[in-house]
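What you see is a predicted model; the values in this text were computed from it and never measured. Atoms considered below: every heavy atom in the structure, side chains included; atoms not considered: hydrogens, waters and symmetry mates. In what follows, chains carry the letters A, B, and so on, assigned in the order in which the sequence lines appear, proteins first and then strands, with residues in each chain numbered from 1.
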Amino acid sequence: MSENSANGVSRFAVELGVAALTGGFGAAVCYGSLDIGAGWTEMGPDAGYFPFYIGLLIVFGSLVNIVQAFLKHRGTEEIFMDAGRAKVVASFLLPLTAFGAVSAWLGLYVGTALYIAATMLFQGRYKWWIALPAGLGVSLVFFVVFEIGFQVPLLKGPVEAWFGIY
Amino acid sequence: MKKSVSIACMIAAALGVAAPAAAFEPNRPVEFVVTAGPGGGTDIFARTIQAIIAKYELMKSPVVVTNKGSAGGAEGFVYTAGYKGDAHKLAFGTNNAYLLPVRAKVPYKAEDLTPVAALASDEFVLWVNGKADYATAADFVAKAKEGGLKIGGSQSKDVDQILTSMINDATGAKISYIPFKSGGEAAVQLAGEHIDANVNNPSENLGQWQADMVKPLCVFKSVKLSSEAKVAGDKGWGDIPTCKEAGIPIDNYSMPRTVWLPGGVEPDVVQFYADVLRKVSETPEWAKYLADTSQSPVYLSGEELKSAVEVDGAAVSEVLKREGWLAN
Amino acid sequence: MENIGLLIDGFGHILSWNHILLMMVGVTLGILVGVLPGLGAPNGVSLLLPLTFSMDPISAIILLSCMYWGALFGGSTTSILFNIPGEPSSVATTFDGYPMAKGGQPSRALTLAFVSAGLGALAGVVMITLLSGWVAKFALKFSSPEYFAVYFLAFASFISMGAQSPFKTLVSMMLGFALASIGMDTISGNLRLTFDIPELIKGVSFLIAVMGLFGIGELLLTSEEGLRFEGIKARVKLAEIGRTLIEIPRYWLTIARSTIIGIWMGITPAGPTAASFMSYGVARRSARDKSLFGKGDPRGIVAPETADHSAGTSALLPMLALGVPGSATAAVMMGGLMIWGLTPGPMLFTDRPDFVWGLIASMYLGNVVAVFLVIATVPLYASILRVPFSIIGPIIVAVIFSGAYQVANSVSDIFLVIGFGLLGYVFKKLDYPLAPLVLAMVLGDKAEDAFRQSMLMSGGSLNIFWSNGLVSGLMALGLVLLLSPLAFWLIGTLRRRRHDVAPHGDGNAAA
């Protein structure tokens with residue numbers, strides 16, 4: 001009802017969506033707490049006692065927020081995000097998510113190098129011979145600092161294994 | 001997550017195929033997974049071994065220590081068990097390795113881990129406040145039978161609470177148990193007279209003992225501790241009577257410090273690490289570590305270790321069952 | 001004044017070029033550890049621990065404790081420059097530090113933070129020097145009910161701050177509590193709210209939440225503004241650092257109050273994170289003009305930083321005097337003490353005065369060294385901000401991701417951080433406050449543990465929270481702090497009604 005393709009997403013819709021999301025989370029918390037006992041025993045509260053009421057409060061707060069969304073934001077022309085901005089945010093968010101996915105597969109070093117090179121290349125509009133070494137450089141600095149300096153391993157994938165680095 | 005596990009399996013499989021004849025030797029960094037937070041007993045245990053291995057060059061590959069102590073150590077065991085067949089992950093823990101799956105719904109089973117060695121055994125001592133008027137453990141038990149006494153300890157349904165339950169069962173006392181995050185907290189709560197006793201390991205209460213804030217009543221061991229040194233004034237560990245002679249009929253209760261590999265590793269891998277750890281246990285540095293932390297020297301591996309794990313696991317499971325703490 | 005003499009002896013033990021060099025190395029490493037969000041001071045200190053096995057205990061503790069100071073300073077840097085708290089205790093610094101930096105005064109924000117942090121730390125050490133014996137005895141009085149009362153007090157002093165919608169605040173705070181209760185429950189030893197998902201048994205790390213909510217969330221907001229840091233283009237002028245130094249005495253009241261809060265929270269021991277939140281809350285409440293808070297008020301930087309560092313230093317006292325670590329880092333150092341053959345505990349002061357007073361003396365020197373080193377890096381940091389967003393943005397993301405992974409070596413945390421980033425972004429745009437969520441995550445499980453331990457002690461009776469003067473006093477103070485805004489608000493509304501004018505639309509401004 002409030003999806004307006006010309007102007008983007010209305011604040012009302014997002015308010016509702018977020019409140020529904022938090023409400024759902026609250027319900028899940030209640031459900032999970034009942035599983036482990038949400039009563040008050042003679043030795044004080046059970047493991048699920050506090051979480052259960054916390055869940056209830058989340059549900060309650062979310063319901064009020066839904067009502068307030070209807071009162072405050074319905075019918076107003078307030079826009080959460082217009083199409084142009086959505087595109088800009090997506091252009092940051094999507095590579096970031098891809099970075100996460102690639103890292104889970106190829107490891108963080110490869111992911112970092114690719115991500116930084118790609119964003120510099122496509123968003124920063126740098127030349128490839130600047131972007132590529134920059135990506136590799138950052139990755140290398142990470143390697144030296146974490147792996148060698150602090151001996152904290154970062155996630156590695158098949159590419160490192162290829163070079164005999166585990 | 002799944003991806004990296006499967007990759008690890010592939011690598012492990014490849015290694016297994018490539019070098020069946022030659023004895024196993026790690027060819028990449030070995031990860032020591034500490035199933036406790038930084039600074040805890042298990043952490044010092046693993047880091048001491050790391051330092052000794054480095055000093056005597058017992059292994060060619062470097063060692064990386066990571067702390068995974070959440071959920072009473074379950075985080076580290078789940079992580080290690082997830083690397084099935086990986087010869088480069090060692091988990092460091094206590095008997096919590098095989099106790100956790102019995103008492104809590106954790107996503108791993110004791111069979112998902114391969115025991116490598118037990119290197120030390122931490123003792124349990126019954127401590128009361130320094131100003132308390134109990135002279136012996138029998139006095140304490142007499143008072144405890146009236147009810148209302150509180151023992152504080154580290155974690156819930158873990159070694160300290162199990163021992164408390166065993167004391168209640170053996171003597172007919174009605175002591176309640178209050179779980180804290182660590183033995184250190186339980187030590188201070190006792191020094192501040194907020195609880196009536198704790199069953200801390202010797203090293204956890206040494207500082208307070210030296211200041212006369214707490215005093216030991218008895219040690220849960222069949223013989224007295226062997227250390228001669230007078231650590232607190234004119235008293236030493238060897239002067240503490242055994243609980244059995246002092247009035248609590250519990251013969252032996254101790255906590256092994258254990259090392260585990262993931263399940264599904266080759267026997268020669270287990271043998272390799274068992275050998276390395278045996279060499280560690282024979283160094284003077286190790287003897288010093290045991291003396292500093294007042295633990296008893298033990299070295300178990302192979303079948304010996306397996307049967308010890310079974311015996312200990314069965315004994316403790318019985319207590320868990322009696323208290324209704326079984327998870328499944 | 002026996003302690004002063006001992007302190008002078010302590011200085012005698014540590015004054016050598018070797019030790020000063022160790023301090024500089026420690027502080028520098030610490031700053032690095034602090035700046036990287038995944039590596040905290042506890043990690044850093046435990047990594048250096050094996051190196052110290054061959055050192056004498058005094059050199060070893062100098063190296064480790066200076067690393068700790070460095071990490072505390074480093075954590076504030078990223079809070080101010082990128083809205084990413086490098087350490088949990090510097091979350092509160094982002095509230096005003098980042099807006100000030102964004103408003104074009106990064107050097108001022110950093111200098112304010114560093115100097116007030118240094119002052120806080122020094123105050124903490126002075127307290128240790130003068131009051132060590134008394135404080136140690138006092139800390140022994142604390143048991144679970146008192147801990148609960150302290151956490152309650154910290155909550156009460158913070159909670160009423162600037163919420164536009166009370167129900168959004170409620171939801172945000174309760175989300176924090178719920179997140180904190182995921183994982184293993186200390187009191188029952190059972191897993192809670194894990195829904196049989198293996199990744200959840202370790203719980204949801206506070207650091208992951210903070211990196212996502214603040215770090216990624218802020219980057220998303222920035223990207224919306226057109227993929228560049230708006231405003232932070234100011235040149236660093238040495239004069240600005242100097243001007244800020246002159247400005248500091250003006251905040252003497254905030255500094256004094258924050259120091260007391262910090263020391264109190266450090267020894268009780270609720271820790272630096274709670275201290276910084278509480279101090280921020282109190283500073284905001286007691287300010288006559290609140291309009292600048294959240295938008296770059298200098299007091300909003302000075303208050304949490306002073307409290308953070310005075311709590312950080314005071315937290316070492318329970319470790320030395322009682323053998324209880326007041327913070328995670330102190331726990332690691334305590335492990336170190338044992339390995340060096342020292343027994344942390346009440347006898348350490350008598351048995352090894354050279355070590356204890358050497359450490360205390362090194363705290364004076366180490367913090368001074370740290371302030372100088374860290375101020376020297378201000379121009380460097382501030383120049384980072386002139387790098388175009390298309391380069392620095394992705395680098396920050398990469399640092400956050402690697403940090404998220406390092407928290408628990410878990411890939412799922414990388415995706416969790418993205419999730420929290422989205423949440424932070426949407427919450428910020430819809431005026432859900434983030435601070436209550438964060439505070440609830442920090443204190444929630446501790447407060448619950450303390451509450452339930454108290455219930456076990458009392459056999460389920462709530463009277464335990466009024467059972468002695470100390471706990472009653474703390475609870476009463478907490479209740480007053482919690483209810484006073486409501487009372488002021490009521491009085492304010494009534495008065496406004498009577499005058500029949502409503503100059504301020506939202507009732508929160510009443511003081």
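- Proximity to chain B involves both the backbone and the side chain of C/Met457, based on heavy atoms less than 4.5 angstrom apart.
- Using a distance-only test at 3.5 Å, with no hydrogens or angles considered, a donor-acceptor pair links the side chain of B/Lys68 to the main chain of C/Ala408.
- With a threshold of 4.5 angstrom between heavy atoms, C/Lys141 approaches chain B through N, CA, C or O but not through any side-chain atom.
- The nearest pair of heavy atoms linking B/Ala191 to C/Leu140 is CB-CD2, 3.9 Å.
- In this structure, chain B has heavy atoms under 4.5 Å from both the backbone and the side chain of C/Ser144.
- Note: B/Lys150 NZ to C/Gln453 CD = 12.0 Å, rounded to the nearest 0.5 Å.
- With chain C as partner, the option from B/His194, B/Glu75, B/Gln210 having the largest number of non-hydrogen pairs under 4.5 angstrom is B/His194.
- Rounding to the nearest 0.5 angstrom, the gap separating the CG atom in C/Leu456 from the CD1 atom in B/Ile195 is 12.0 Å.
- The contact between C/Ile187 and chain B is made by backbone and side chain atoms together, counting heavy-atom distances below 4.5 Å.
- Counting heavy-atom pairs closer than 4.5 Å to chain C, the top residue among B/Tyr289, B/Phe180, B/Tyr177 is B/Phe180.
- There is no contact between B/Val65 and chain C, counting heavy-atom distances below 4.5 Å.
- Atom NZ of B/Lys230 has more than 12 neighbouring heavy atoms from other residues, nucleotides or ligands inside a 6.0 Å radius.
- Note that the CD1 atom of B/Ile44 and the CE atom of C/Met334 stand 8.0 Å from one another [nearest 0.5 Å].
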- Give the C-alpha distance, both sets of side-chain angles, the deciding distance and a yes or no for side-chain contact (heavy atoms from CB on, under 4.5 Å) between C/Met184 and B/Ser70. CA-CA 8 Å; C/Met184 187 165 279; B/Ser70 299; over 6 Å; no
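- At a 4.5 Å heavy-atom cutoff, B/Gln161 makes no contact with chain C through either its backbone or its side chain.
- Listed here is the closest heavy atom pair of B/Gln189 and C/Tyr147: NE2-CE1, 4.0 Å.
- Of the two parts of B/Lys55, neither the backbone nor the side chain holds a non-hydrogen atom closer than 4.5 Å to a non-hydrogen atom of chain C.
- Minimum interatomic distance between B/Tyr79 and C/Asn409 (heavy atoms only, all atoms of both residues): CE1-O, 4.1 Å.
- Heavy atoms closer than 4.5 Å to chain C are found in the side chain of B/Glu31, but not in its backbone.
- Contact count against chain C (heavy-atom pairs under 4.5 Å) is highest for B/Pro179 among B/Ala211, B/Gly69, B/Pro179.
- Using a 4.5 Å cut-off between heavy atoms, B/Ser176 makes no contact with chain C at all.
- Considering B/Lys157, B/Arg103, B/Lys105 in turn, B/Lys157 is the only one that fulfils the side chain to side chain contact (heavy atoms under 4.5 Å, CB included) rule with C/Asn190.
- Interface summary for chain B: among C/Gly183, C/Pro198, C/Ser188, the most heavy-atom pairs under 4.5 angstrom belong to C/Ser188.
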